[in-house]
Amino acid sequence: MIVIEANEIPREVFKWYSKNSNGILAKTIKEFGIVTTVLDDVDEEFLYPSQAWASISTGSSASKHKIRWYNDAKSENAFYWREVSKKKLHVALMNVLHTGSITDEEKKQYDFIFPDFFSLKPEVSLKKYKIFQVFNHKMSISSGRKTSKKTLLLNSIVSFLSHPSLSAWGLSLKDFKKWLSIVISVKSDSESLRNAQFILQQRIFLDVIKKGLGKDLSVFFTNHIASCLHRNFHDLKNNFKSDEQKKIKIYRSMKMLDDFLWEIKKSNVN
């Protein structure tokens, strides 16, 4: 089983995107619809992503799991992926929230771990990705502020040259069109660089599951669409010029998720 956890995407965005595309998301929504669940263990004004995902991933109320912030999770919290690993099944985790709670001893239970973006521990279980883990962490903790293109690109180059391996960085010719799109748009919109993080992460995840790791459960978490929506979400029914530019950005980030899902499907893994 493969689980994709895409953070903070409103139902409205899924429906809008499916009406304006013909990829796997549109076909899935047309065939199966969208199931809505209600997380009512915390008042909405106090709800926070790390808390919501803890409730979803444990099936417990906030009063029981007691997780509010990203570093609140403990090794005893019964996340569904942790419970599966305890059964000695094959589990792979990429960027999943609260994986920073995995202990050094517990690491042995998993096929592959690349911890969540706010954590450098546990270390990624395949050493070839260690340099990228550090870089990924730096990108993630800077996501709340506008990072200059010059600084970001310079750090990228320096980090890559310290360990110049395409596969270790999630770089692939298969993603050429996505990189070209970012290069073209970055001059006028530096925030498009946020999608670069997702492209690298999804390529590493695809390589890992194609190797047969996580054949019982593989989980991938992404925040790239939420990052785009925080800056561009609006009434998708509007057609003002500024709104059209925002729609393009939202569509582009959703399309990357759509392409990722299609590549998983056609790979015939799990």
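Since the structure is predicted, the reported quantities are computational estimates derived from the model, not experimental observations. Note: hydrogens, waters and symmetry copies are ignored here, and every other heavy atom, side chains too, is used.
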Colleague: Check whether any side-chain N or O of S61 sits under 3.5 Å from a backbone N or O of D41 as a donor-acceptor pair, and report yes or no.
Modeller: no
Colleague: Short question: side chain of S253, backbone of I250 - any donor-acceptor pair under 3.5 Å?
Modeller: yes
Colleague: Any donor and acceptor pair, going by atom type alone, linking the side chain of D111 with main-chain N or O of G214 inside 3.5 Å?
Modeller: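 Indeed, once roles are kept as given, a pair shorter than 3.5 Å links the two residues.
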Colleague: After noting the C-alpha distance and the side-chain angles of H65 and N77, does the key distance pass the side chain to side chain donor-acceptor pair (under 3.5 Å) rule?
Modeller: CA-CA 7 Å; H65 62 64; N77 288 120; 5.8 Å; no
Colleague: Is it true that atom CD1 of I34 has more than 12 heavy atoms of other residues, nucleotides or ligands lying nearer than 6.0 Å?
Modeller: yes
Colleague: Looking at E76, I want to see if its CD is surrounded by more than 12 non-hydrogen atoms of other residues, nucleotides or ligands under 6.0 Å.
Modeller: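 For E76, atom CD is crowded (more than 12 foreign heavy atoms under 6.0 Å).
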Colleague: For the residue pair Y17 and Y251, is the inter-centroid distance of their aromatic rings smaller than 6.0 Å?
Modeller: yes
Colleague: Please identify each residue that fulfils side-chain contact (heavy atoms from CB on, under 4.5 Å) with K19, with sequence neighbours left out.
Modeller: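 Residues passing side-chain contact (heavy atoms from CB on, under 4.5 Å) with K19: none at all.
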Colleague: Quick one: closest heavy-atom pair of Y129 and V124, and the distance?
Modeller: C-CG1, 3.7 Å
Colleague: Just distance, no hydrogens or angles: give the donor-acceptor pairs under 3.5 Å from side chains in residues 66-75, sequence neighbours left out.
Modeller:
residue	atom	partner	partner atom	Å
K66	NZ	S63	O	3.1
R68	NH1	F46	O	2.2
R68	NH1	Q51	OE1	3.2
R68	NH2	F46	O	3.4
D72	OD2	R68	N	3.0
D72	OD2	W69	N	2.7
K74	NZ	D72	O	2.9

Colleague: The test is side-chain contact (heavy atoms from CB on, under 4.5 Å); show your working for F114 and Q201 and say whether it passes.
Modeller: CA-CA 10 Å; F114 191 113; Q201 291 170 344; 5.5 Å; no
Colleague: Could you state the interatomic distance from CG (L97) to CZ (F221), rounded to the nearest 0.5 Å?
Modeller: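 Interatomic distance, L97 CG to F221 CZ, rounded to 0.5 Å: 3.5 Å.
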Colleague: Determine, stepwise, if the pair K130 / V134 fulfils side-chain contact (heavy atoms from CB on, under 4.5 Å).
Modeller: CA-CA 6 Å; K130 176 60 180 178; V134 174; 4.1 Å; yes
Colleague: Taking all non-hydrogen atoms of both residues into account, name the closest pair between S21 and D258 and its distance.
Modeller: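 Closest pair (atom of S21, atom of D258, distance): OG-OD2, 4.4 Å.
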Colleague: Any heavy-atom pair between the side chains of S101 and F79 that's under 4.5 Å?
Modeller: yes
Colleague: Answer yes if I204 and L126 sit in the same cluster of Ile, Leu, Val, Met, Phe, Trp and Tyr residues linked by side chain heavy atoms under 4.5 Å apart, and no otherwise.
Modeller: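 The answer is yes; both residues are in one hydrophobic cluster.
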Colleague: Kindly give the heavy-atom pair with the smallest separation between P122 and G100, and that separation in Å.
Modeller: CD-CA, 4.0 Å
Colleague: Can I24 and D259 be said to form a side-chain contact (heavy atoms from CB on, under 4.5 Å), step by step?
Modeller: CA-CA 8 Å; I24 192 170; D259 291 343; over 6 Å; no
Colleague: Identify whether F118 and Y48 are in the same connected component of the hydrophobic contact network (ILVMFWY, side-chain heavy atoms under 4.5 Å).
Modeller: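 Yes, one cluster joins them.
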Colleague: Please say yes or no: joined through hydrophobic side-chain contacts below 4.5 Å, possibly via intermediate residues, are L89 and I102 part of one cluster?
Modeller: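 Yes.
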Colleague: When hydrophobic residues are tied together by side-chain contacts of less than 4.5 Å, even through go-betweens, does I184 share a cluster with F176?
Modeller: yes
Colleague: Could you pull out all residues at least two apart from S181 that satisfy side-chain contact (heavy atoms from CB on, under 4.5 Å)?
Modeller: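 Partners of S181 by the side-chain contact (heavy atoms from CB on, under 4.5 Å) criterion, ordered by chain and then number, come out as R252.
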Colleague: Using side-chain contact (heavy atoms from CB on, under 4.5 Å) as the criterion, list what pairs up with I182, not counting sequence neighbours.
Modeller: W179, S192, L193, N195, A196, I199, M256
Colleague: Determine, step by step, whether S18 and K30 satisfy the side chain to side chain donor-acceptor pair (under 3.5 Å) criterion, reporting the C-alpha distance in whole Å, the side-chain angles of both residues, the deciding distance to 0.1 Å, and the verdict.
Modeller: CA-CA 8 Å; S18 68; K30 182 178 180 180; over 6 Å; no
Colleague: Is there a side-chain contact between V91 and R82 in this structure, where contact means two heavy atoms from C-beta onward sitting under 4.5 Å apart?
Modeller: no
Colleague: So V3 and F220, do their side chains get closer than 4.5 Å, heavy atoms only?
Modeller: no
Colleague: Counting only heavy atoms not in K255, do more than 12 fall under 6.0 Å of its NZ?
Modeller: no
Colleague: Does Q202 use its side chain to pair, donor to acceptor, with the backbone of F260 at less than 3.5 Å?
Modeller: no
Colleague: In this structure, would L261 and F32 fall into the same cluster of hydrophobic residues linked by side-chain contacts under 4.5 Å?
Modeller: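 Different clusters.
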Colleague: With no hydrogens and no angle check, do the side chains of K107 and S125 hold a donor and an acceptor under 3.5 Å apart?
Modeller: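 On atom types as modelled, these side chains do not qualify, holding no pair under 3.5 Å.
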Colleague: CG/L206 to CD/E263 distance, rounded to the nearest 0.5 angstrom?
Modeller: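 So the CG of L206 and the CD of E263 are separated by 4.5 Å.
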Colleague: Going by side chain to side chain contact (heavy atoms under 4.5 Å, CB included), C228 matches just one of K246, K249, M254. Which one?
Modeller: K249
Colleague: At what distance, to the nearest 0.5 angstrom, does CE of M94 lie from CG of D207?
Modeller: 10.0 Å
Colleague: Side chains of V96 and D116: does their closest heavy-atom pair fall under 4.5 Å?
Modeller: no
Colleague: Enumerate, atom names and distances included, each donor-acceptor pair closer than 3.5 Å involving a side-chain atom of residues 5-14, sequence neighbours excluded.
Modeller:
residue	atom	partner	partner atom	Å
E5	OE2	Y80	OH	2.7
N7	OD1	W53	NE1	2.7
N7	ND2	N223	OD1	2.7
E8	OE1	H230	NE2	3.0
R11	NH1	T36	OG1	2.3

Colleague: Quick check for you: to the nearest 0.5 Å, what is the distance between T58 atom OG1 and W81 atom CH2?
Modeller: 10.5 Å
Colleague: Measuring from I209:CD1 to S218:OG, what's the distance to the nearest 0.5 Å?
Modeller: 6.0 Å
Colleague: Looking at every heavy atom in both V208 and A92, which two are closest together, and how far apart are they?
Modeller: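 V208 and A92 have their closest heavy atoms at CG1-CB, 4.4 Å.
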Colleague: Starting at CZ of F117, measure out to CD of Q197 and round the result to the nearest 0.5 Å.
Modeller: 8.0 Å
Colleague: Return each pair, listed once, that meets salt bridge (Lys or Arg N to Asp or Glu O under 4.0 Å) where at least one residue sits in residues 174-186; pairs must be two or more places apart or across chains.
Modeller: D175-K178, D175-R203
Colleague: Is there a side-chain contact between K247 and W16 in this structure, where contact means two heavy atoms from C-beta onward sitting under 4.5 Å apart?
Modeller: yes
Colleague: Check S55 against L39 and note the closest heavy-atom contact, atom names and distance.
Modeller: CB-CD1, 3.5 Å
